[in-house]
Amino acid sequence: MNNPVIAIDGPSASGKGTVASRVAAVLGWAYLDSGALYRLTALYAEQQGVAWGDEAQVAALAQALPVRFADGEIYLHNAAVGAAIRAEHIGMGASQVAALPQVRAALLQRQRDFAAHSPLVADGRDMASVVFPDAVLKIFLTASAQVRAQRRALQLNLPLEGAAFEQILHDIEARDAADRNRAVAPLQQAADAVLLDTSDLNIEQAVKKVIDCYRQIEN
Ligand code: DC
């Protein structure tokens with residue numbers, strides 16, 4: 001029997017990673033940050049001198065990604081890269097390699113394997129539509145671009161107005177457009193997904209909403 005999966009999709013900086021990992025902790029389930037796999041692929045390509053647009057070569061690297069998740073850290077070969085994959089330019093690289101069908105295909109089974117031994121909470125862009133279409137609960141978690149830019153600025157200790165803030169807002173809108181408009185597995189709300197707009201919710205309230213949704217279908 002397949003393990004149950006909760007799929008949480010949404011745009012960048014929506015807070016879905018924090019919400020998904022806390023939901024997993026509350027339920028005692030495993031957690032998959034699928035965006036990390038695209039970020040790792042971009043970083044690995046950069047390290048190997050492979051251009052992000054070189055589909056066949058990047059897909060080969062994605063297939064063979066020497067990644068290990070352990071104790072809350074991510075290792076590529078044996079180097080800790082949890083911080084390196086969060087760099088803004090690696091995020092842009094991730095967005096580029098994620099638009100390549102062969103790269104998505106190369107990472108598909110690796111993502112499904114996370115549910116092989118444990119129930120799973122998975123977050124990303126296509127968890128509900130492609131990777132786990134049979135998920136027991138599908139959530140589309142979003143917030144306005146303005147609110148997401150404010151959250152990102154707070155994380156970076158930047159003011160909530162001025163040129164740096166406008167740049168963050170611009171980057172978020174550009175990434176949204178790239179993720180929504182690509183030909184393969186674009187970011188979109190699945191027909192059977194519950195919409196959760198967190199513009200006016202804090203993390204605890206968002207986590208509670210997801211858990212409440214799950215308890216309802218579980219009963
Ligand atoms: O969630 P994130 O910002 O770490 O994701 C990085 C990039 O990877 C993002 O621009 C879109 C892409 N991505 C994707 O295409 N499919 C996923 N399931 C997860 C992320």
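Order of appearance sets the numbers: ligands from 1, and atoms from 1 within every ligand.
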Report task. Taking the six-membered ring for Trp and the single ring otherwise, decide whether the centroids of Y31 and F69 are under 6.0 Å apart. Result -> no
Query raised in the report: Taking non-hydrogen atoms only, is R182 closer than 4.0 angstrom to ligand 1 via side chain, backbone, both or neither?
Result: side chain
Query raised in the report: In the protein, what heavy atom is nearest to atom 16 (N) of ligand 1, and what distance, to one decimal place, separates them?
Result: R104 NH2, 3.0 Å
Query raised in the report: Going by distance only, is there an N or O of D126 that falls short of 3.5 Å from an N or O of ligand 1?
Result: yes
Requested in this report: Number the atoms of ligand 1 from 1 as they appear, then name those within less than 4.0 Å of a heavy atom of K16, with their elements.
Outcome: 1 (O)
**Report entry** Option among D176, D179, D9 that satisfies the salt bridge (Lys or Arg N to Asp or Glu O under 4.0 Å) test with R125
**Finding:** D179
Requested in this report: Look only at interatomic distance and state if D179 has a nitrogen or oxygen under 3.5 Å from any nitrogen or oxygen of ligand 1.
Outcome: yes
Query raised in the report: Under 30°, 30 to 60°, or over 60°: which ring-plane class applies to W52 and H89, parallel, tilted or perpendicular?
Result: tilted
Requested in this report: Report the nearest protein non-hydrogen atom to atom 7 (C) of ligand 1: residue, atom name, distance rounded to 0.1 Å.
Outcome: A94 CB, 3.7 Å
Query raised in the report: Is any N or O atom of D123, backbone or side chain, closer than 3.5 Å to an N or O atom of ligand 1?
Result: no
Query raised in the report: Does atom CG of D200 have more than 12 heavy-atom neighbours from other groups under 6.0 Å away?
Result: no
Requested in this report: With heavy atoms of G124 as the reference, note each atom of ligand 1 found under 4.0 Å away.
Outcome: 18 (N), 19 (C)
Query raised in the report: Can you list the ligand 1 atoms lying under 4.0 Å from a non-hydrogen atom of R39?
Result: 2 (P), 3 (O), 4 (O), 6 (C)
Query raised in the report: What are the two closest heavy atoms between A24 and A30, and how far apart are they?
Result: CB-O, 3.8 Å
Report summary line: So the atoms of ligand 1 within less than 4.0 Å of a heavy atom of M127 turn out to be 18 (N)
Query - Closest protein heavy atom (residue, atom, distance) for atom 12 (C) of ligand 1 - result: A98 CB, 3.7 Å
Query raised in the report: What is the closest protein heavy atom to atom 19 (C) of ligand 1, and at what distance does it sit?
Result: S34 OG, 3.4 Å
Query raised in the report: For ligand 1, which atoms have a heavy atom of S95 less than 4.0 angstrom away?
Result: 10 (O)
Query raised in the report: Between R175 and D171, is there a salt bridge with N-O shorter than 4.0 Å?
Result: no
Report summary line: A student checking ligand 1 against G35 at a 4.0 Å heavy-atom cut-off should list atoms 4 (O), 5 (O), 19 (C), 20 (C)
Query raised in the report: Any idea which protein heavy atom is nearest atom 8 (O) of ligand 1, and the distance to it?
Result: Y38 CB, 3.6 Å
Requested in this report: Among all protein heavy atoms, pick out the one at the shortest distance from atom 17 (C) of ligand 1; state its residue, atom name and that distance to 0.1 Å.
Outcome: R125 N, 3.4 Å
Report task. Ignoring hydrogens and angles, tell me if any N or O in the side chain of S14 forms a donor-acceptor pair with the backbone of G10 under 3.5 Å. Result -> no
Requested in this report: State whether the number of non-hydrogen atoms from other residues, nucleotides or ligands found under 6.0 Å of E204 atom CD is greater than 12.
Outcome: yes
Query raised in the report: Quick one: are T198 and Q205 in side-chain contact, heavy atoms under 4.5 Å?
Result: no
Query raised in the report: Do F114 and W29 have ring centroids that are under 6.0 Å from one another?
Result: no
